[in-house]
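Right, one structure below, let's go through it.
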Amino acid sequence: MANIKKRLLVLSTGRKIKLTGIGIFISPDLEVGEGFTNNLFCPSGNHGDVVHTNPYKLTVSELHEVADLIIKTAVQFKDYIDEKMASKANGTG
């Protein structure tokens, strides 16, 4: 599974991609890129003390809604990749 370590996207194949930002995103149009905008929510902590940066004061329910959107978009992206790769493999894409 891919992981991000020290601004490097590390893939299970061993391939590493240097990121200029701190994360990646999938747009509603299924474009994959780096995220550069302000955080909606950011958990951070030191010595067991957890501090949350939540500039939009999102509720737990709203944060769950954002997580659901991210998951839905990621699944759509995976389905798109599978469909396109299968089409190419079958010579129909």
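Only heavy atoms go into these numbers, but all of them, side chains included; no hydrogens, no water, no symmetry mates.
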Connected via hydrophobic side-chain network under 4.5 Å: [X] and [Y]:
| X | Y | result |
| --- | --- | --- |
| Ile26 | Ile4 | no |
| Val32 | Phe25 | no |
| Phe77 | Ile71 | no |

Of all residues at least two apart in sequence or in a different chain, which pass the side-chain contact (heavy atoms from CB on, under 4.5 Å) check with Asp79?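 Per chain and number, Asp79 pairs via side-chain contact (heavy atoms from CB on, under 4.5 Å) with Val75.
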CG on Leu8 to CG on Asn3, rounded to 0.5 Å: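 CG of Leu8 is found 10.5 Å from CG of Asn3.
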How many angstroms lie between atom NZ of Lys72 and atom CD of Glu65, to the nearest 0.5 angstrom?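 The distance works out to 10.5 Å.
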Any side chain to side chain donor-acceptor pair (under 3.5 Å) involving residues 17-28? Give me the pairs, sequence neighbours left out, ordered by first then second residue.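 Pairs touching residues 17-28 that pass the test: Thr20-Glu34.
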Mind listing the closest non-hydrogen atom pair of [X] and [Y] along with its distance?
| X | Y | value |
| --- | --- | --- |
| Ser12 | Met1 | CB-N, 3.8 Å |
| Asn54 | Leu40 | OD1-O, 3.6 Å |
| Ala2 | Leu9 | CB-CD1, 4.1 Å |
| Glu62 | Leu58 | OE1-CA, 3.2 Å |

Just wondering, do Val60 and His64 contact through their side chains at under 4.5 Å, heavy atoms?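 Yes, close enough: below the 4.5 Å cut-off.
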Ring pair (Phe, Tyr, Trp, His ring centres under 6.0 Å) partners of His52, counting only residues at least two apart: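 By the ring pair (Phe, Tyr, Trp, His ring centres under 6.0 Å) rule, His52 matches Phe41.
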Within a reach of under 6.0 Å around OH of Tyr80, are more than 12 heavy atoms found that belong to other residues, nucleotides or ligands?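 No.
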